[in-house]
Amino acid sequence: MPSLLDNLNPEQLAAVTLPAQHALILAGAGSGKTRVLTTRIAWLIQTGQVGPHGVLAVTFTNKAAKEMLARLSAMLPINTRGMWIGTFHGLCNRLLRAHWREAALPQTFQILDSADQLSAIKRLLKALNIDDEKYPPRDLMHFINASKEAGLRAHAVEAWDDFTRRRVEIYQEYENQCQREGVVDFAELLLRTYELLERVEPIRAHYQARFRHILVDEFQDTNVLQYRWLKLLAGGGACVMAVGDDDQSIYAFRGAEVGNMRDFEREFRVPNVIRLEQNYRSHGNILDAANAIIKNNAGRLGKNLWTDRGSGEPIRVYEAMSDTEEARWVVEEIRSLVMEGTARREIALLYRSNAQSRVLEHALFTANLPYRVYGGLRFFERQEIKHALAYLRLIANPDDDTAFARVVNFPTRGIGARSLEQLQDAARPVMGEGAASLWAAAKNLGGKAGQSVGVFVALIDRLRAACEGLSLPEMVEQAIELSGLVAHYKTEKEGQDRLANLDELVNAAVNFVSEEGFPVEQPPGDAVTDAPVVPPDPLASFLAHASLEAGEHQAGDSDDAVQLMTVHSAKGLEFNIVFISGLEEGLFPHENSILEDKGLEEERRLMYVAVTRARERLYLSFAQTRMLHGQTRYNMKSRFLEEIPELLTKWLTPKVRPQRVAEPTWGNRYYEPKPAYPSAPPVRTRYETENSGGGFRIGQQVQHAKFGQGVIVSAEGSGSDARVQVNFGREGIKWLALSVAKLTPA
DNA sequence: TGGGAGTGCTTTTTT
DNA sequence: AGCACTCCCA
């Protein structure tokens with residue numbers, strides 16, 4: 001009979017079968033981390049050391065949680081539904097739904113995503129008449145979130161100057177507003193749960209007794225509050241297994257504390273630290289490069305990846321003249337890879353910052369190579385979806401002012417800025433009593449504004465009545481119909497996609513219901529709290545789901561496409577072929593990071609993550625000239641390139657470039673000498689010109705219907721975008737788009 | 001109310 | 001250079 005433990009290497013096996021004690025697993029990139037984590041859970045359950053009920057497994061992303069659940073149900077014949085495996089936020093949501101009373105929340109509390117939070121802050125500033133130039137909403141949002149993530153309520157934030165004192169006041173006002181509206185932001189989910197467990201002894205004791213084994217994925221990404229949260233839950237003698245890689249900590253900028261790993265080891269007196277250093281992903285040269293890079297960081301917990309796969313190919317390095325030329329080289333290289341049979345989806349194009357994708361996309365597009373860019377708008381973040389959800393939110397909780405303000409006049413129903421201002425005024429707190437919600441104020445608003453707002457209130461009431469007793473998907477249909485959203489987008493000329501997305505929202509509701517299988521199990525904890533048993537509300541659950549899991553970035557283009565993404569979003573993924581472009585000082589490492597404390601080390605970890613994404617072949621490239629923020633910049637090559645031992649690399653371009661060159665002498669067809677003047681138009685190469693359509697090249701004599709004879713001086717772009725600069729002598733020098741101008745060889 | 005012009009920002013991102 | 005956001009005018 002096959003065992004769970006088959007095919008584990010000794011370290012993995014040791015980790016999986018550790019006795020019931022705390023453990024820290026230092027899992028290098030590609031060392032089988034997820035496998036260890038899931039097998040550990042399966043093994044604990046299979047050997048009867050714990051029931052599915054007694055396990056708590058925490059991840060950072062929904063994707064990771066889903067994968068864990070999927071693998072687990074493949075390993076064990078158990079129903080994983082109902083197991084406490086999920087993201088920090090998802091699990092907190094679950095706890096707060098079960099104990100909403102003790103957490104002082106309405107039963108149908110809503111979750112604000114970042115965009116909702118920002119608009120809530122803007123609305124607050126307006127209501128309080130606060131200058132948003134002096135207190136930019138974005139800064140306030142960061143301030144508030146950072147405070148919460150440090151576990152600090154407004155009264156606990158230290159403020160030594162007037163500015164901070166004012167910000168703290170705003171923080172407090174924001175909290176009041178959220179509480180009044182019955183909404184929580186992401187950080188609040190964590191903090192509120194933490195406080196609930198800390199404050200209410202029976203609930204804490206219940207969960208402490210329940211969870212015997214706590215497992216944490218990507219532990220290096222935990223922030224202060226998450227770590228405290230874990231300590232609290234583990235306080236009843238649970239065993240904590242933390243899995244992480246300090247070398248892959250790349251989220252310090254959003255509050256992640258690598259130091260938690262050291263603290264964990266010390267505070268839990270962890271008897272078992274296991275290093276997973278055998279890498280199953282990459283060839284030796286790639287690993288050696290990664291090791292050589294990360295070695296330059298100080299204070300590591302220490303780890304050295306190795307493989308038995310053999311050293312493989314050298315790492316290819318390319319120096320381009322310009323960003324455009326770099327992109328063209330990448331595309332050319334991809335083309336030949338694809339020609340040789342490489343699947344496009346196995347090729348990843350990584351860059352440090354999103355702005356770099358444009359040039360690459362352009363080159364790919366021109367070359368007619370299918371590609372997919374990660375990042376950008378996700379399904380539940382689209383405006384039409386957020387509008388529809390806002391209507392649903394108002395059904396669930398009319399006091400949700402964010403939802404109210406979002407759709408009170410969308411589709412337009414004659415409620416302009418003035419009416420809204422009156423409404424805000426009416427909702428403003430009066431002496432002795434707190435502020436009212438916009439909804440409550442709307443019900444009592446008189447005058448002309450009162451009339452038009454009354455129409456909206458009536459609409460929501462009608463919608464709520466219409467939804468009575470309906471299934472979730474039917475409710476969604478009612479909402480998008482009665483609200484007028486469908487009618488609105490039907491008249492809009494670009495509305496087709498939006499209508500399709502609204503349909504898709506109905507589908508999402510159908511799927512949600514079938515996956516969750518309402519009515520689900522009892523919310524846990526009733527025994528503790530004596531709360532009346534309330535079946536979970538499908539609408540509230542669905543809305544929480546929409547906030548917590550924003551969905552796919554793009555409609556499932558599962559086509560075979562080249563993958564473009566930032567290094568950050570590549571974390572956790574792997575590809576046969578990886579290109580890391582823009583390896584230039586100022587870009588990667590990013591210039592802003594140089595000034596930050598420990599910034600450079602984080603950049604280096606980022607580089608480490610990037611390099612370890614590759615299985616078989618790694619390309620590194622940089623450009624001498626790059627357009628950034630509308631200006632041409634001349635960057636030096638990245639220090640990270642220098643950190644890779646020379647013998648691991650193969651330069652596709654000469655490593656040392658002569659200062660002045662009249663003609664390229666080293667036969668590389670991609671290479672052209674530097675332009676004579678920095679201000680000269682972007683570098684063109686003969687290669688590009690030949691590819692620019694029409695087969696023109698620099699120096700060629702051409703004929704133009706109006707300007708007569710001329711000679712091509714330079715060219716840029718390619719495909720339909722190709723332009724050439726032609727010197728027509730007396731007629732002057734002109735730029736001509738080849739797709740427009742009729743040029744013939746003369 | 002909606003579109004067009006003007007303004008300012010620009011590392012990385014999940015929940 | 002682009003893009004998002006604001007403001008002002010018809």
Side-chain angles (χ1 to χ4, degrees), chain A residues 58-65 86-93 111-119 122 132-133 136-138 142 145 148-149 184-191 193 217-218 221-223 225-226 249-256 323-324 350-359 361-362 374-378 380-381 383 409-419 492 544-551 553 565-572 582 586-596 599-600 602-603 605-607 609-610 626-633 682:
Chain A
V58 201
T59 64
F60 274 84
T61 63
N62 291 299
K63 202 174 152 201
T87 62
F88 277 101
H89 295 84
L91 296 170
C92 287
N93 175 50
I111 299 167
L112 302 184
D113 67 17
S114 314
D116 295 333
Q117 187 186 15
L118 188 63
S119 60
K122 284 180 181 163
D132 61 0
E133 306 236 312
R138 248 166 229 291
H142 289 141
N145 289 342
K148 290 189 181 185
E149 278 160 19
V184 296
D185 57 48
F186 286 135
E188 184 70 21
L189 280 172
L190 265 302
L191 184 52
T193 309
D217 190 20
E218 305 278 16
D221 289 338
T222 52
N223 63 32
L225 182 57
Q226 285 159 340
S249 161
I250 55 174
Y251 287 113
F253 71 90
R254 66 176 199 214
D323 47 355
T324 344
L350 309 185
Y351 35 81
R352 172 68 237 268
S353 59
N354 284 307
Q356 288 167 252
S357 76
R358 188 190 312 276
V359 195
E361 281 185 69
H362 179 79
Y374 280 68
L377 257 202
R378 304 165 74 183
F380 286 107
E381 290 167 358
Q383 65 142 335
N409 197 33
F410 192 96
T412 50
R413 38 180 81 89
I415 302 170
R418 200 144 13 101
S419 305
E492 207 175 60
H545 165 82
S547 301
L548 289 174
E549 195 173 342
H553 273 300
M565 66 193 84
T566 63
V567 180
H568 280 92
S569 30
K571 189 175 165 209
L587 254 192
F588 196 2
H590 196 276
E591 53 199 344
N592 296 2
S593 74
I594 313 274
L595 303 171
E596 287 165 19
L600 189 62
E602 178 141 321
E603 295 289 306
R605 291 192 292 268
L606 201 49
M607 181 66 185
V609 167
R626 183 175 297 273
M627 272 298 245
L628 200 63
H629 309 327
Q631 279 181 327
T632 307
R633 315 200 348 169

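Counting only N and O atoms by type, the side chains of A:Gln117 and A:Ser114 include no donor and acceptor under 3.5 Å apart.
Nucleotides of DNA chain B nearest to A:Lys63 and A:Ser353 differ in position, and the one nearer the 5' end is that of A:Ser353.
The phosphate of B:dT15 has OP1 or OP2 within less than 4.0 Å of a side-chain N or O from A:Asn62. Between B:dT14 and A:Asn223, no contact under 4.0 Å exists linking OP1 or OP2 to a side-chain N or O. An OP1 or OP2 oxygen of B:dT12 is reached within less than 4.0 angstrom by a side-chain nitrogen or oxygen of A:Asn354. The shortest distance between the side-chain N/O atoms of A:Arg378 and the OP1/OP2 oxygens of B:dT13 is not below 4.0 Å.
At a cut-off of 3.5 angstrom, the base of B:dT15 holds at least one donor-acceptor pair with the side chain of A:Ser114.
Of all heavy-atom pairs between A:Arg626 and A:Gly582, the closest is NH2-CA, 3.3 Å. Contact between A:Ala610 and A:Val567 at its shortest, heavy atoms only, is CB-CG1, 3.6 Å.
Protein atom CG of A:Asp116 is 15 Å distant from nucleotide atom P of B:dT15, rounded to whole Å. Straight-line distance from the CD1 atom of A:Ile415 to the P atom of B:dG2: 14 Å, rounded to whole Å. Per the geometry, OH belonging to A:Tyr251 stands 16 Å off P belonging to B:dT11, to the nearest Å. The CZ-P distance, from A:Arg254 to B:dT15, rounds to 8 Å in whole Å. Rounding to whole angstrom units, CZ of residue A:Phe253 and C1' of B:dT14 are separated by 9 Å. Remark: P of C:dA1 and CZ of A:Arg626 are 17 Å apart, rounded to the nearest angstrom. Note: CD1 (A:Ile250) to P (B:dT11) measures 17 Å, nearest angstrom. The interatomic distance linking A:Arg633 (CZ) with B:dT10 (P) rounds to 14 Å, in whole Å.
Each of B:dT12, B:dT15, B:dG2 was ranked by its minimum atom distance to the side chain of A:Leu548; first place goes to B:dT15. If you check B:dG2, B:dT12, B:dT10 against the side chain of A:His568, the one that comes closest is B:dT12. Side chain of A:Arg358, nearest nucleotide from B:dT11, C:dG2, B:dT15: C:dG2. Counting only heavy atoms from C-beta on, A:Thr412 has its side chain closest to B:dT1 among B:dT1, B:dT10, B:dT12. Nearest to the side chain of A:Glu603, among B:dT15, B:dT11, B:dG2, sits B:dT11.
Expressed to the nearest 0.5 Å, how far OG of A:Ser353 lies from CG of A:Leu628 amounts to 7.0 Å. Rounded to the nearest 0.5 angstrom, A:Glu149 CD and A:Leu191 CG are separated by 10.0 Å.
C:dT6 and B:dT11 have their C1' atoms separated by 25 Å, with the value rounded to a whole Å. C:dC5 and B:dT12 are spaced 23 Å apart, taking the C1' atom of each and rounding to whole Å.
Aromatic stacking is marked for A:His590 over B:dT11, as both cut-offs hold: 5.5 Å for the centres and 30° for the planes. Residue ring and nucleobase are not stacked for A:Phe60 and B:dT15 under a centre distance beneath 5.5 angstrom and an angle between planes beneath 30°.
Salt bridge annotation for A:Lys571-A:Asp221: present, with a cationic side-chain nitrogen under 4.0 angstrom from a carboxylate oxygen.
In this structure, A:Asn409 reaches the sugar-phosphate backbone alone: every heavy-atom distance under 4.0 Å involves primed, P, OP1 or OP2 atoms, never a base. Within 4.0 Å of A:Glu218, counting heavy atoms only, lies no atom of the nucleic acid at all.
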